Structures are given as structure tokens and as C-alpha cells.
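See structure below.
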Amino acid sequence: ADLEKDVSDETFKFIFVIFISSEGKKVCDRFQPIAILFDHDGTLVDSYPGIALCMRLTCRDLGKPEMTEEEVQASIGPTLEERFAELWGPVAAAEAARIYRSHYEVHFLSGTRLLEGVKPTLDALAARGILMACVTNKSWSYCVRQLEHFGLRERMRVVYGNLQGFPPKPNPAMVLAAQALLGETRGVHHLPLTLAALDSDADSQPRVGLGVRLHSVRPVMLLTVAGT
């Protein structure tokens with residue numbers, strides 16, 4: 001409850017909600033996380049407008065039918081290569097990803113906005129000494145540049161993303177690597193009290209293969225503010 005002294009009412013509600021599991025059960029009565037791992041798209045930023053635009057442009061360039069809103073939504077989470085292979089097969093996936101990235105390079109900042117409440121939340125958590133990292137299936141370079149653009153990069157001890165050699169989530173390798181690096185800053189091999197703020201069922205799956213106490217939860221207030 002003393003978090004209320006650090007943040008606004010709206011942000012405090014978000015912090016309170018992220019200590020509730022995705023099944024609606026309390027994680028515990030008193031839970032002081034050592035570290036929080038954040039997803040990027042849909043958790044820290046609303047990147048849907050830019051992604052939707054670049055998906056439309058990619059379909060146009062490839063002569064494919066324009067995607068429905070549901071198909072665009074399903075494209076947020078997996079890697080581009082995975083999503084395009086699912087839509088059009090592995091042969092077309094590499095070229096589709098190349099075309100998409102050429103458009104996204106133009107629109108990845110103008111088509112993205114910071115979700116309400118994120119910055120004061122991260123500032124309050126940092127003031128309490130909680131370690132933070134970003135683990136995402138988004139291309140690492142785009143994620144880092146968006147974090148820098150919105151003034152969030154300095155809050156993240158590490159950012160891991162696609163095209164860095166990690167298999168994409170739900171494989172737990174990226175999450176484990178972030179935990180290990182954050183653990184080094186505290187002089188421990190792993191961080192047993194780690195909380196993950198995620199926005200999809202696929203993102204929450206890495207916890208199954210971790211073998212450590214990772215509480216995977218949804219930032220309900222932020223998703224509600226974003227209207228999703």
C-alpha cells in the first residue's frame with residue numbers, strides 16, 4: 001500500500017493490478033518483486049497504428065489481399081518471419097519481412113504512442129530499486145529506438161528482442177537470459193521473485209519452462225486505457 005505515496009491514483013491502480021495473476025488470483029498478500037520483465041508492444045506502447053499501416057503496405061507491394069483487423073492483431077506478438085510464414089508460407093516470408101521492415105523504418109515512431117501511466121509507473125518502480133528489463137519478439141533495434149524516443153530506455157537494465165540470436169517467445173531463453181543478467185547486478189545466479197508484465201497468452205507461456213518463481217501477469221489497467 002505504501003506505493004500509493006509514489007504514484008498517481010491511476011498508476012497506483014495499475015501497479016496493484018499487476019500483482020494479480022491472469023487467472024484473477026492473488027499472487028500473495030505481500031509481494032515485493034526484485035525485478036520486473038516487460039513485454040513491449042501492447043504493454044509499454046501502443047504500436048498498432050504503425051503495424052497496421054505497414055501490414056497494409058506490405059500486402060499492397062506483394063499483391064496480397066488487405067488484412068482484416070483480426071489478422072493484424074494476430075500479427076502482434078510473433079516474429080515477422082513466423083507470422084508471414086503462417087499467412088503465405090515460408091518461401092514468401094523472408095521477402096515479406098524485408099518489405100515490411102522497409103516500411104516500418106519510416107513509420108515505427110510516428111505510428112506508435114506511449115501508453116498512459118507507463119512512464120510514472122517505471123519511474124516509481126526505479127525509485128524503489130526494482131530492476132527492469134524488456135523482453136520482446138519485436139526486432140531489437142526498433143524496440144530500443146522506441147524506448148529511447150519515449151524516454152524509457154534508461155529504465156531498462158537490458159533489452160532483448162528478435163534478431164539477437166534468441167529463439168522467439170514462448171521459448172523461455174530470452175526471459176532466462178534477462179533474469180541471469182539482472183541477477184548479476186544483485187550478485188545472485190537467478191532472481192526468484194521476478195514478475196513479468198505481458199499482454200498475451202503466448203507471451204505468458206515461457207514461465208512453463210523456467211523452473212524458477214516467475215509470476216506472469218497482465219497489466220490490466222494499461223490495456224484498459226489503451227482500449228484493447
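Every value quoted in this text rests on a predicted model; they were computed, and no experiment measured them.
Atom CG of L37 is separated from atom CE of M156 by 9.5 Å, given to the nearest 0.5 angstrom. Taking CG of L80 as the start and OG of S75 as the end, the distance is 8.5 Å to the nearest 0.5 Å. K169 NZ to N137 CG: the interatomic distance, rounded to the nearest 0.5 Å, is 5.0 Å. The distance from the CD atom of E116 to the CG atom of D46 is 12.0 Å, given to the nearest 0.5 Å. Separation of atoms CG (L115) and CZ (R113) is listed at 5.5 Å; rounding is to 0.5 Å. Between F108 atom CZ and K138 atom NZ the span is 9.0 Å, to the nearest 0.5 Å.
Using modelled atom types, one finds no donor on one side chain facing an acceptor on the other under 3.5 Å when comparing T79 with N162.
Within the 4.5 Å cutoff, side-chain heavy atoms of L57 are placed close to those of H107. Between L53 and H103 the shortest side-chain heavy-atom distance does not fall below 4.5 Å. Looking at heavy atoms from C-beta onward, L87 lies in side-chain contact with M67 at the 4.5 angstrom threshold. Within the 4.5 Å cutoff, side-chain heavy atoms of Y160 are placed close to those of L181.
Formation of a donor-acceptor pair under 3.5 Å by the S102 side chain with backbone atoms of I99 is found in this model.
Residue R157 places its CZ atom among 12 or fewer non-hydrogen atoms of other residues, nucleotides or ligands, all under 6.0 Å distant. By the 6.0 Å contact criterion, CH2 on W88 is enclosed, its count of non-hydrogen atoms from other residues, nucleotides or ligands being greater than 12.
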For I36 and I130: C-alpha separation, side-chain torsions, deciding distance, then whether side chain to side chain contact (heavy atoms under 4.5 Å, CB included) applies. CA-CA 7 Å; I36 300 181; I130 296 174; 3.9 Å; yes

Check the pair R155 / L147 against side chain to side chain contact (heavy atoms under 4.5 Å, CB included), numbers first and verdict last. CA-CA 9 Å; R155 294 304 184 201; L147 291 174; over 6 Å; no

Go through the steps to decide whether F150 and T112 satisfy the test side chain to side chain contact (heavy atoms under 4.5 Å, CB included), and finish with yes or no. CA-CA 10 Å; F150 292 113; T112 303; 3.9 Å; yes

Where do L152 and L114 land on the side chain to side chain contact (heavy atoms under 4.5 Å, CB included) test, with the steps shown first? CA-CA 10 Å; L152 304 182; L114 183 64; 3.5 Å; yes

Audit row: R83, E86, salt bridge (charged side-chain N to carboxylate O under 4.0 Å, His left out) steps and yes/no: CA-CA 5 Å; R83 181 57 177 150; E86 178 184 329; 2.9 Å; yes

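Taking every heavy atom of both residues into account, C143 and C134 meet most closely at SG-SG, 3.8 Å. Here the closest non-hydrogen pair linking W140 and Q164 is CD1-OE1, 3.0 Å. Summarising the geometry of A178 relative to V135, their closest heavy-atom pair is CB-CG1, 3.8 Å, with the distance given to 0.1 Å. Nearest heavy atom pair, residue T58 against residue A96, reads CG2-O, 3.7 Å. When every heavy atom of L44 is checked against every heavy atom of L122, the shortest pair comes out as CD2-CD1, 4.5 Å. Of all heavy-atom pairs spanning C54 and Y100, the tightest one is CB-CE1, 3.4 Å.
If you chain together hydrophobic residues whose side chains sit under 4.5 Å apart, I51 and L62 fall into the same group.
Between Y104 and Y142, the angle of the ring planes goes over 60°, which puts this pair in the perpendicular group of the 30/60° scheme.
Classification of R145 and E148 as a salt-bridged pair fails, no side-chain N sitting under 4.0 Å from a carboxylate O.
A salt bridge (charged side-chain N to carboxylate O under 4.0 Å, His left out) check over residues 50-73, counting only residues at least two apart or in different chains, returns nothing.
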